[in-house]
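The structure presented is a predicted model; accordingly, all values stated were derived computationally and were not measured. Numbers here simply count residues along the sequence, with the first being 1.
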Amino acid sequence: MKQAPFDVELRVLRHFIKAADAGSFRKAAAALGIRDSSISRRIRDVEDQIGASLFIRHAGGVTLTLAGQRFISRARSALSQLEDGAHEVIAIGRSEVGHLSVGLFSPLASGFVSNIFRLTTTRIQMSK
C-alpha cells in the first residue's frame, strides 16, 4: 500500500517543537509572536496528515503522546540538519570556505608571482 507524501512546512516543525518545549500552545504562540489558535490549527493539520495525535491536550497545556515523542526527535534532527546546511551554504556564498585553484604559465611559476602565492597561502592558513 502506497503512503501519501508527507508535506509539512519548516515553520510548522518549529511551532511543534516550541509547543512541546513550552508544554502549551499559548506559551509557544506568545514566544513566537503568533496566535495560539494558529499553532493549534497547524499542528492539528499535521496530525491529520500523519494519522496520529502528537499531543494530549488538557486544561493545563499539552503533553507529547508516544507518537509525538518519536516525532519530535526526528523534527529536531531535520531542522538541525537544514540549519547546518544553510550556514554552510552562507559561508560558501561569502567565500569564507571553499577552495581556489590557480594555474600559472610556466615562466611565471617562479620569482615574484610564486612569492605572492606562497605568502597568500601562508596567511590564509594562519587565519584559520
Side-chain angles (χ1 to χ4, degrees):
M1 184 170 139
K2 186 177 177 181
Q3 290 182 323
F6 180 66
D7 183 24
V8 65
E9 295 178 20
L10 293 179
R11 68 183 166 136
V12 176
L13 289 179
R14 287 187 185 96
H15 296 175
F16 165 66
I17 292 168
K18 184 63 86 174
D21 291 345
S24 162
F25 291 158
R26 183 183 50 76
K27 290 176 185 175
L32 294 166
I34 60 175
R35 293 190 325 252
D36 54 333
S37 62
S38 179
I39 286 184
S40 179
R41 183 173 47 255
R42 288 189 177 114
I43 290 174
R44 175 65 68 199
D45 290 344
V46 170
E47 289 173 326
D48 289 345
Q49 189 176 10
I50 62 177
S53 294
L54 299 173
F55 290 103
I56 298 168
R57 291 148 172 88
H58 47 82
V62 294
T63 307
L64 287 171
T65 62
L66 178 58
Q69 291 170 17
R70 299 279 172 92
F71 188 64
I72 197 162
S73 65
R74 301 288 179 113
R76 287 185 202 279
S77 177
L79 280 178
S80 177
Q81 289 286 321
L82 289 169
E83 288 170 358
D84 289 349
H87 291 300
E88 188 176 326
V89 169
I90 289 167
I92 291 169
R94 291 181 179 162
S95 299
E96 295 172 359
V97 295
H99 69 276
L100 174 66
S101 298
V102 178
L104 291 175
F105 182 61
S106 177
L108 297 176
S110 61
F112 176 71
V113 174
S114 177
N115 290 337
I116 289 174
F117 281 115
R118 191 175 313 108
L119 290 172
T120 303
T121 303
T122 302
R123 287 183 187 158
I124 290 171
Q125 289 174 350
M126 289 173 58
S127 68
K128 288 183 181 179

What one should report as the nearest heavy-atom pair of S53 and A67 is O-CB, 3.7 Å
When rounded to the nearest 0.5 angstrom, what is the spacing between CZ in F71 and CG in L13? 5.5 Å
What's the spacing between S77 OG and I72 CD1 if we round to 0.5 Å? 12.5 Å
Taking only residues two or more places apart in sequence or in another chain, which ones pass side chain to side chain contact (heavy atoms under 4.5 Å, CB included) with R57? F25, I43, R44, E47, F55, V62
How far apart are the C-alpha atoms of I34 and H15, what are their side-chain angles, what is the distance that settles it, and do they pass the side-chain contact (heavy atoms from CB on, under 4.5 Å) test? CA-CA 10 Å; I34 60 175; H15 296 175; 3.5 Å; yes
Quick check on R26: does its CZ atom have over 12 non-hydrogen neighbours (other residues, nucleotides or ligands) under 6.0 Å away? no
Minimal heavy-atom distance between L64 and Q69, with the atoms involved, is O-NE2, 3.7 Å
Is there a chain of hydrophobic side chains (I, L, V, M, F, W, Y, each step under 4.5 Å between heavy atoms) that links L54 to L10? yes
On a heavy-atom basis, the closest approach of I39 and A19 is CG2-CB, 4.5 Å
Straight-line distance of D84 CG to E88 CD, nearest 0.5 Å: 8.5 Å
Indicate if I56 and F16 have the same hydrophobic cluster label, given that clusters are the connected sets of ILVMFWY residues with side-chain heavy-atom separations under 4.5 angstrom. no
Might you work through the side-chain contact (heavy atoms from CB on, under 4.5 Å) test for R41 and R35, ending with a clear yes or no? CA-CA 10 Å; R41 183 173 47 255; R35 293 190 325 252; 4.0 Å; yes
Interatomic spacing from OG1 in T65 to CZ in R70 - rounded to 0.5 Å: 10.5 Å
To the closest 0.5 Å, what do you measure between CG (D45) and OG (S40)? 9.5 Å
If you count heavy atoms of other groups shown closer than 6.0 angstrom to CD of E83, is the number above 12? yes
Rounded to the nearest 0.5 Å, what's the gap from CZ on R11 to CZ on R42? Could you check? 4.0 Å
